[in-house]
A.B. asks: 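To start, I am sharing the structure in question, which I have written as structure tokens.
Each residue takes its place number in the sequence, starting with 1.
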Amino acid sequence: QVQLVESGGGTVQPGGSLRLSCEASEIISRISYMGWYMGWYRQAPGKQRELVATITRTGSTNYADSVKGRFTISRDNAKNTMYLQMNNLKAEDAAIYYCNAHPTRPLTTASGPAYSWGQGTQVTVSS
């Protein structure tokens, strides 16, 4: 069973930075992980979960308009780990952040991930 574990959240002031990590369970082989399409989602209180950033198996990235120029998604296939570097954080970025993946097709707003959601990691932006 695939498990994805998010970490790195916390409380920062507006304008601050955080780096989130998403580690896949050890049972996933590196070869399998390298082929995944991956992404970060977030859900704020009272709102639907939204797709924030995606990265393909070849490293191509895509971002929601609200985070372009501030967030950077990356992956380290050797570590089965994906990252989200978040800079210049705003109050509206506060949410629980989740990662997920699909083994065969890109993640979009119309096509969801393949695996169960983890616990997520809380990001709070407050002065």
Side-chain angles (χ1 to χ4, degrees):
Q1 183 177 357
V2 172
Q3 285 188 319
L4 298 165
V5 180
E6 304 92 347
S7 63
T11 300
V12 295
Q13 293 184 340
S17 298
L18 283 173
R19 188 195 195 201
L20 307 184
S21 298
C22 169
E23 186 173 358
S25 52
E26 294 180 357
I27 63 172
I28 306 302
S29 71
R30 289 180 184 176
I31 292 177
S32 295
Y33 184 85
M34 288 172 59
W36 285 5
Y37 296 85
M38 303 197 69
W40 284 97
Y41 297 76
R42 68 185 180 187
Q43 187 168 21
K47 294 187 177 181
Q48 289 189 331
R49 186 155 21 209
E50 63 172 340
L51 183 58
V52 174
T54 63
I55 186 166
T56 69
R57 52 182 58 173
T58 58
S60 296
T61 58
N62 198 23
Y63 299 91
D65 288 343
S66 59
V67 306
K68 279 181 181 176
R70 301 187 298 119
F71 290 12
T72 302
I73 187 172
S74 62
R75 61 193 295 169
D76 185 340
N77 292 331
K79 297 181 179 179
N80 281 14
T81 302
M82 178 178 65
Y83 305 97
L84 186 67
Q85 177 67 43
M86 305 187 296
N87 297 328
N88 191 22
L89 282 160
K90 304 177 181 181
E92 52 264 40
D93 295 319
I96 299 175
Y97 283 71
Y98 302 88
C99 62
N100 217 310
H102 200 286
T104 61
R105 57 169 170 76
L107 299 175
T108 70
T109 55
S111 58
Y115 305 113
S116 299
W117 296 102
Q119 296 294 316
T121 186
Q122 177 74 53
V123 172
T124 302
V125 184
S126 174
S127 56

A.B. asks: How far apart are the closest heavy atoms of Y41 and P113, and which atoms are they?
C.D. replies: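 Closest pair (atom of Y41, atom of P113, distance): OH-CD, 3.5 Å.
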
A.B. asks: Is it the case that one hydrophobic cluster holds both L51 and Y37, taking links as side-chain heavy atoms less than 4.5 Å apart, direct or via other members?
C.D. replies: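 Cluster IDs for L51 and Y37 differ.
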
A.B. asks: Are L20 and V12 grouped together when hydrophobic residues (ILVMFWY) are joined by side-chain heavy atoms under 4.5 angstrom apart?
C.D. replies: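 Yes, L20 and V12 fall within the same hydrophobic cluster.
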
A.B. asks: Give me the atom names and distance for the closest heavy-atom approach of W36 to A101.
C.D. replies: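 Minimum heavy-atom contact is CE3-CB, 3.6 Å.
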
A.B. asks: Spell out, as yes or no, whether a donor-acceptor pair under 3.5 Å connects the side chain of T61 to the backbone of A53.
C.D. replies: no

A.B. asks: Using modelled atom types and a 3.5 Å cut-off, is there a donor and acceptor pairing between side-chain atoms of T81 and backbone atoms of K79?
C.D. replies: yes

A.B. asks: What are the two closest heavy atoms between M38 and C22, and how far apart are they?
C.D. replies: CE-SG, 4.4 Å

A.B. asks: Contact between Y63 and T72 at the side-chain level, heavy atoms closer than 4.5 Å - yes or no?
C.D. replies: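 Yes, side chains in contact.
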
A.B. asks: Determine whether a donor-acceptor pair (N or O, by modelled atom type, separation under 3.5 Å) exists between the side chain of E6 and the backbone of C99.
C.D. replies: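 Indeed, once roles are kept as given, a pair shorter than 3.5 Å links the two residues.
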
A.B. asks: Do you reckon V52 sits in the same ILVMFWY cluster as L107, going by side-chain contacts under 4.5 Å, direct or chained?
C.D. replies: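 Different clusters.
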
A.B. asks: Enter the distance from R42:CZ to R49:CZ here, rounded to the nearest 0.5 Å.
C.D. replies: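 Reported value, rounded in 0.5 Å steps: 13.5 Å.
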
A.B. asks: Can M86 be reached from Y98 by stepping across I, L, V, M, F, W or Y side chains whose heavy atoms are under 4.5 Å apart?
C.D. replies: no

A.B. asks: Give a yes or no answer on whether the side chain of R75 reaches the backbone of T56 with a donor-acceptor pair at less than 3.5 Å.
C.D. replies: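 Confirmed, R75 side chain pairs with T56 backbone.
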
A.B. asks: Please name the pair of heavy atoms, one in G8 and one in L18, separated by the smallest distance, quoted to 0.1 Å.
C.D. replies: O-CD2, 3.8 Å

A.B. asks: Verify side-chain contact (heavy atoms from CB on, under 4.5 Å) between M82 and I73, making sure each step is shown before the conclusion.
C.D. replies: CA-CA 7 Å; M82 178 178 65; I73 187 172; 3.8 Å; yes

A.B. asks: Does R70 have any salt bridge (Lys or Arg N to Asp or Glu O under 4.0 Å) partners at least two apart in sequence or in another chain, and if so, which?
C.D. replies: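 R70 satisfies salt bridge (Lys or Arg N to Asp or Glu O under 4.0 Å) with D93 only.
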
A.B. asks: Do F71 and Q85 come close enough that some side-chain heavy atom pair is under 4.5 Å?
C.D. replies: no

A.B. asks: When the side chains of residues 115-122 are checked against the rest of the protein, which donor-acceptor pairs come out under 3.5 Å, sequence neighbours left out?
C.D. replies:
from : atom 1 : to  : atom 2 : distance (Å)
T121 : OG1    : G9  : N      : 2.9
Q122 : NE2    : A95 : O      : 3.4

A.B. asks: Which pair of heavy atoms, one from N87 and one from S17, lies closest together, and at what distance?
C.D. replies: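 Reported closest heavy-atom pair: OD1-OG, 2.9 Å.
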
A.B. asks: Once rounded to the nearest 0.5 Å, what's the spacing between atom CG of N100 and atom CH2 of W40?
C.D. replies: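 It is 10.5 Å, given to the nearest 0.5 Å.
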
A.B. asks: Give me the atom names and distance for the closest heavy-atom approach of T108 to S111.
C.D. replies: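 Minimum heavy-atom contact is OG1-OG, 2.8 Å.
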
A.B. asks: Evaluate the side-chain proximity of Y83 to R19: yes if any heavy-atom separation is below 4.5 Å, no if none is.
C.D. replies: yes

